[in-house]
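Here is the naming used below: chain letters follow the sequence lines, and residue numbers restart at 1 for every chain. Quick note: numbers below take in every heavy atom, side chains included, and nothing from hydrogens, waters or symmetry partners.
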2 protein chains.
Amino acid sequence: MAEQAKPERRSQAARREEMRERLAAATLDALADHGNAGASLSVILERAGVSRGAWAHHFETKAEMLALAAEGLLLGAVASARALGPAETPDPSLPLEDRLSAMIEAAWTRFYTGRHRDLLFEVAMAARTDTELRARLAPIFSGFLAAIGSNWGLSLRPDADDVTEMADLMVLTIYMLRGMAMQELAAGPAPGHEALRRLWVRMLAGWVGRYGGP
Amino acid sequence: MAEQAKPERRSQAARREEMRERLAAATLDALADHGNAGASLSVILERAGVSRGAWAHHFETKAEMLALAAEGLLLGAVASARALGPAETPDPSLPLEDRLSAMIEAAWTRFYTGRHRDLLFEVAMAARTDTELRARLAPIFSGFLAAIGSNWGLSLRPDADDVTEMADLMVLTIYMLRGMAMQELAAGPAPGHEALRRLWVRMLAGWVGRYGGP
DNA sequence: AAAAACAAACCAATCGGTCTGTTTTTATAA
DNA sequence: TTATAAAAACAGACCGATTGGTTTGTTTTT
């Protein structure tokens, strides 16, 4: 035992894992910076500081590496979606509107701004024309929505009469945020978007409490 | 001036225009079929049936050709957005919910299904990492939303107290449809989406008529 | 000593773009 | 009208750079 005596001499399993991780991370970096069209193998390898030969030892093709990287990205989003529900509803006694708003703002910044937003769209577009990638990612895309629907709906209104509708409303919310994100991606940030999200929250709260809720 | 006596011998201006049009169309075809990464010049030229030399005579760079094609696509969408408002509200005496639904379904099929959806997203993503393209397209993306907001809002509720809010609601609607389209693009068609759009319409109609509308 | 990890030179194919030469249209003058 | 020269439209061979991927050889772990 005593395997970590010197910093050098790491096990092969650890080296392999770290190398694949490093390459996947560099793939996402390149994707975010240059888009799918510009994320060439050379760019990725330079970014990772990995030689072509070493790369070949860990991945068969570039597509395989991209698939692993994309899968990791999306699975991370699913995990966040599950965690975000409970985390962002600290005080169940607050008005529904406030809790909704907190949750939606959290989702907006986590999923639909900055690097994550760019990668999400980049990966979705790559899946469109790549059958294999699409087959691997489609269930995760659906899983994300399922997580949003069941988890958020439940943590917002555990007592709701119609749990299914609450889940649907959360999915609609995600769709709206996505479309908003696409606008900012293509045309730059829009200051009015925060107000639009507030309007959305008011509408949502009004609908949920339409029979005289809290 | 009997210039069109023979089918041959077309004016140079006409030839140039037709050629640029043909190349732009082929660019969009290639983009739809292979994505931005796979839409190489060779693919585009083969599709258009145009030689490399002829192409060079009409465009300086591939980027310039893509910009023209993308611009045409988006301007067509803006024109449709303007036309769709009046066209899809044939009977102003129908309930607001029905008119809303008709309009939203029309927008869904026109903008967010099939080839147009794919091209829209493809072009938006290309603009993300291409500064010049982005500068050219960003105002058109904004113009599309402006057309949706003012035109739809007005033709649905010319008497509305708050015209601004009606426009905002239409923009939110577009965002929701966009996000929904992205889901189908990445994970395939979802039968439940029609029901989700109906739910959205009910919510929208309820909100607009919340003070006792028609 | 065998196997896995790594490095770098190397490869055919393809990329966007250019060059050279031919055909078609246009402008001008007889 | 017709002859003609310049210009524009077009075709295809050609170019250096880059692409994803392979091969050969060295170092490190087992």
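- Note on Arg16(A): a side-chain N or O is less than 4.0 Å away from OP1 or OP2 of dA5(C).
- His193(B) has its ring centre no less than 6.0 Å from the ring centre of Tyr112(B).
- In this structure, the CD atom of Glu64(A) is 10 Å from the P atom of dG21(D), given to the nearest Å.
- The nearest whole Å value for the distance from the CZ atom in Arg20(A) to the P atom in dA5(C) is 11 Å.
- Here dT23(C) presents its P atom at 17 Å from CE of Met19(B), a figure rounded to the nearest Å.
- Residues forming a salt bridge (Lys or Arg N to Asp or Glu O under 4.0 Å) with Glu17(B) (at least two apart in sequence, or on another chain): none.
- A heavy atom lying under 4.0 Å from DNA chain D marks the following residues of residues 37-58 of chain B, by number: Ser51(B), Arg52(B), Gly53(B), Ala54(B), His57(B), His58(B).
- Ring centers of Phe111(B) and Phe144(B): under 6.0 Å apart, within the cut-off.
- A salt bridge links Glu194(A) with Arg198(A): the distance from a Lys NZ or Arg NE/NH1/NH2 to an Asp or Glu carboxylate oxygen falls below 4.0 Å.
- Here dA9(D) presents its C1' atom at 14 Å from CZ of Phe59(B), a figure rounded to the nearest Å.
- Here dT14(C) presents its C1' atom at 15 Å from NE2 of His34(B), a figure rounded to the nearest Å.
- The CD-P distance, from Glu17(B) to dC10(D), rounds to 12 Å in whole Å.
- Under the Watson-Crick and G-U wobble criteria, each requiring two contacts below 3.5 Å, nucleotide dA13(C) is paired to dT18(D).
- Remark: Arg20(B) qualifies as a cation-pi partner of Phe59(B) under the 6.0 Å distance and 45° angle criteria applied to the six-membered ring.
- Lys62(B) places its NZ atom 15 Å from the C1' atom of dA17(D), with the value rounded to the nearest Å.
- Comment: Arg136(B) does not engage Glu132(B) in a salt bridge, judged by the lack of any side-chain N to carboxylate O separation of less than 4.0 angstrom.
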